[in-house]
Each structure stands twice: as structure tokens, then as C-alpha cells.
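So you know, we letter chains A, B, ... as the sequences are listed, proteins then strands, and number each from 1. In what follows, every heavy atom counts, from backbone to side chain, and hydrogens, waters and symmetry copies are set aside.
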Amino acid sequence: MRPLRPESPRYRRVRALSALLLLLPLLALVGGCASTAYHDRGDPLEPFNRKMFVFNDHLDRWILQPVARTYVRFTPKLVRASVTNFFDNVEYPNTILNQFLEGRFREGFQDTGRFVVNIVVGVGGLFDPATRFGLPRHDKDLGQTLAVWGVGQGPYLVLPFIGPDTLRNLPNLVASALTNPFFYVNTAKITMPLGAVALINKRANAAAQIEMVRQALDPYVFMREAYLQHRRFLIYNGHPPVQLFNDFGPGGLAPAPAPAKRAKPKPAGSGAH
Amino acid sequence: MLQRTLLILILIAPGFLATPVLAADAVTATGNHVVAGPVGVITRFQDTLIAVMKKAKTLGYRGRYAQLAPVVTATHDLPIIAQIALGQYWGRLTATQRSEFVKTFTRLSIATYAARFDAYGGETFTKPTERKLGGGDVLVESQLRSPDGSKVQFDYQLRRIDGHWRIINIIANGVSDLALKRAEYTSVIRSHGFKALVAKLKDKIAEYSRKGANAAAAS
């Protein structure tokens, strides 16, 4: 074993890993007091989040969106599909790791098979033959694993440059980096342009969804609800319990109305919740 | 003899028990009306969407709106959706405000479909299946599949009101349309009031209609 030099890439990795390990107990602590249903606590960081939402929105309008549009204009559809396949596969070890962490061994082995098949048969991941062989793509990350382990969601966050997130999901920023093979390529000349292409391609693929957010009555609220619901969908492997809407009582994030001076509060409908 | 009678009873009884359930699920004709079960409602709705998408360009926005309007209003319970979407604020509206809101909301719902389903790229819906939810509601599940292999899970929540099964919510890949609307609408009412919400919805309708007219002029 070589001693760790502070500036060595290996030191960087070990530091990142230990940061992750330090974060885990912290999250468990948060989980103890944070409610899984964020509706109970609302969106405590909304003022900060809204500022970050506007910041990201400007950043996107001024830089990412025009670049992504140019990319779409000059790149054939098939090439873009291969770029998407390639980066999906590069990021796939994170899904594999978290299948195992969730105890889904069958899916873990299937996803390992998918990763290998797409590298070997799919020319380094440019194509996705695995889906046709009955190994469909899954979407797993450390945030979902922590949810399955019983960690509470914590507050909703909008992070600059990153976008919607939750406290529980933060360790995944580290985990997704550590499980990405390119993290271990220490040549900025390779990783920087690849990272840029990955980002632009992701933005291009999300164009329709981003447009939907922008068309919403309140884009911030729309994004928050859609994000949190989709996370729930992933945590439950595509089969979350259905919200019934059986009562017409208070719902969403609307707080109870301030009691009007003259009106007497009506008794709440039976079986609210 | 007794044994035979018992056997027949056992064979027939489950059939008896099952009959009303089957009748409720299948498409049954009562008099002149055809009452569709949950799967029938969804099939009708999805078939209409695909048909409209296939003819999207020739129909134009107005044509799509006209074709979708009767089917959307028949397959969706728009007054109930409107009511749930306003959450606690519904109870504080006057009768006039309520009917104005339902009217605007109905037009917006049709306009949104007409605006979004404006092209066909070979998409198909898988055969819908249904399962029961609590409180008498039914969930019908189907997938929208694109030729590129991508798929979106569509779950429709249906409720039986006045003998008709109608959609009260659509959940796409876990994102519930009704929950989104309720969060958005109540947020707008809370910060800007009910009038502002209705004005915003009307702006949306006008925007869809304007963009639709522009698209027709461009092609």
C-alpha cells in the first residue's frame, strides 16, 4: 500500500468516500425526526429554493438551452440516441450498486448483465441491445436506497446548477460520482469534454419536460410536486400507493385558511386524511 | 342424488356470485345507453387520442379540439376534478364562481389535450388492465410505447358517479395530474386570489389557441 499523498487522486477519492460515510449517520439522525410525507412540514426552505430555481432557470435560458438546441440541430437523431445510450451505461454501476444495497439481488445481477451486454455487444454502450434481450433499464440511486432503509425524506431542496433534490438524496451526489468509471480517469482533457457532452445531451433529452414546467401556472410548485412524486414512483419501483382523493378536505400544501372573523369554522369532513 | 344437487350448486353458485361483477366490468347495454366499464372508458379515450394524433396535422388545433371535446367530457368527470383541484378553497366559492371555474377548467382540459397531442410518431397504448382501489375507485393501467423503445406508465383513477365510470385522475410515471393541479391552483389562490387563478387559466386557453393557429398558418 502506498501512503496517501494529500494531492494524489487516490486521496481525493478516499476523502470523498469518507465524506459519504460521515454523511450517512447524519442522515439517519435527520431521518429520525424528518417526516416521510413532506406535506406535513411543507417546504421550509421555499424562499431559498425559489431563489435557486430562478438562478437555475436563468442559467438554463442563457447557456444550456441555446447550446442544447444547437446540438440538436447539428446532430442526427441516431447519434444522439447513441450518446444517450453511452452515458446511461456509464452511469449504470450506480443503479447496480443500489439494487444490491436495496437487497434486490435478482435485479442487481440482471442489471450487471445489462451493463456488460451493452459494453460488449453494444459497442462500448453506444447501442442498447440489452433491452431487446429482456434486460430493461432501471433507475436506482442512493437516495432511493436510503428511503428503503427507512431514512426520512428531509426538506425539499433546489440546488444551484443541480436542480431539485432532497436532503436524503444528497449522498447520491457522491455515490453517483464514485460509481462513474470516468471518475477514475484522471485526465481532464478526457473527462471535461465528456462531462460537457453528457450535460448537453441530458438537457436536450429533457427539453419537453422543461417546457412543461415553464408552461405551468406556478413553475416552481409544478417542478417540486412533479419531482417529489416521480421520486416516490422510483422508490416504490413504479408502483407507489395511489392517493385516493376520497375527501375534499385540505390537500396539497395549502395551509389551513386563516379563520374569518364572522364565519364559524365548519367541522372537518369525516375521515380527513 | 343429494350429492349431485350439491355438486350442481357448487358449480353454479360461483357463477351467480360472479355475474354482477362481470356485468359491472364489461360493456353493457341498458336501453338506449351503452354503459362502459372502466377499461371500456379508457379504451375509448386512448383510441380517440391516437386517432386525433394520426390526423393531427389535417385537423389542426381547432379540429383536434372539436374531436376531443365530446370524448374528454364523457370520459372525465371534469366537475369533480375541478372541485378536488381547488382543495379547501372550493368550499369558499359562491355557486356562480364554482360554475365559472368548472366551465373554464373544462375548456382548459380539452385545450391542453388538443395542444399536446399535435403529432403522431407511431405510439401505441398497451391493453389496459384494471384493479380495485379503496373507496370503490378503480385504477386502470396502460403503457404508452414509442417506436424508440421508451415507455410511459399511465394509470387512470376512475370513479363511478351516477352509474358512469369516469376518469378523475391520470398518473403518468407516478406523477399525479390531480395532485399537481391542486398544488398549483391552491398556491395561486393563496398568493393572488381566485380571480387571478381564473384569469391565468383563461390566458392559458388563449395561448394554446393562438399557438395552434400559428402552427396551422406555418404548415
Side-chain angles (χ1 to χ4, degrees), chain A residues 39 43 46 77-78 81 84-85 128 131-132 136-137 139 205 208-209 211-212 215-258 260 263 266 268-269 271-272, chain B residues 80-81 83-92 108 112 115-116 131-139 141 143 148-151 153 155-157 159 168-169 171-192 196-197 199-201 203-204 207-208 211:
Chain A
H39 284 109
D43 182 0
E46 186 170 340
K77 207 174 171 182
L78 283 174
T84 304
N85 287 337
D128 175 18
T131 299
R132 256 170 292 143
R137 180 171 177 264
D139 190 351
N205 287 343
Q209 284 100 307
E211 204 39 51
M212 256 181 98
Q215 282 188 11
L217 295 187
D218 185 337
Y220 172 80
V221 170
F222 184 92
M223 171 110 123
R224 179 188 63 203
E225 300 298 312
Y227 172 78
L228 292 175
Q229 285 187 45
H230 184 66
R231 292 297 304 172
R232 191 164 159 271
F233 173 78
L234 292 176
I235 289 163
Y236 282 100
N237 304 313
H239 301 284
V242 177
Q243 189 183 355
L244 286 176
F245 300 107
N246 266 339
D247 61 280
F248 300 119
L253 282 165
K266 280 178 202 157
Chain B
I80 290 286
I81 299 173
Q83 181 178 350
I84 300 174
L86 288 190
Q88 66 205 14
Y89 292 105
W90 176 264
R92 294 197 258 153
L108 178 64
T112 310
R116 295 237 170 99
R131 68 183 171 90
K132 293 195 162 40
L133 295 172
D137 287 359
V138 160
L139 195 74
E141 298 169 309
Q143 275 184 355
D148 67 0
S150 64
K151 55 190 178 188
Q153 175 73 38
D155 296 344
Y156 303 85
Q157 186 177 348
R159 188 166 289 177
I168 65 155
N169 190 16
I171 305 158
N173 269 357
V175 180
S176 150
D177 185 55
L178 191 48
L180 273 182
K181 288 212 167 87
R182 181 151 77 170
E184 267 197 286
Y185 292 3
T186 52
S187 156
V188 172
I189 296 182
R190 191 163 67 246
S191 38
H192 306 290
L197 174 67
K200 274 182 183 239
L201 297 186
D203 284 351
K204 260 299 125 190
E207 189 187 317
Y208 283 140
K211 278 187 184 163

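A 4.5 Å side-chain heavy-atom check between Val242(A) and Ile171(B) finds at least one atom pair inside the cut-off. Looking at Leu217(A) and Tyr185(B), their side chains come closer than 4.5 Å, going by heavy atoms from C-beta outward.
Contact detail for His230(A) and Asn173(B): the closest heavy-atom pair is ND1-O, 3.2 Å. Of all heavy-atom pairs between Ser187(B) and Asp218(A), the closest is OG-OD2, 2.9 Å.
Atom CZ in Arg182(B) sits 6.0 Å away from atom CD in Gln243(A) (nearest 0.5 Å). Rounding to the nearest 0.5 Å gives a distance of 13.0 Å between CD of Glu184(B) and CE of Met223(A). To the nearest 0.5 Å, atoms CE (Met212(A)) and CG (Leu180(B)) are separated by 8.0 Å.
The most heavy-atom pairs under 4.5 Å with chain A, out of Val188(B), Val175(B), Leu197(B), Asp203(B), come from Val175(B). In terms of heavy-atom pairs under 4.5 angstrom with chain A, the leader among Gln153(B), Glu141(B), Lys204(B) is Lys204(B).
Annotation: side-chain hydrogen bond (donor to acceptor under 3.5 Å, both in side chains) contacts of Asn169(B) (sequence neighbours excluded): Ser176(B). Applying the ring-ring contact (aromatic ring centres under 6.0 Å, His included) test to Phe222(A) and every residue at least two apart in sequence or in another chain returns nothing.
Residue contact with chain A, scored on non-hydrogen atoms closer than 4.5 Å, involves the backbone and the side chain of Leu178(B) alike.
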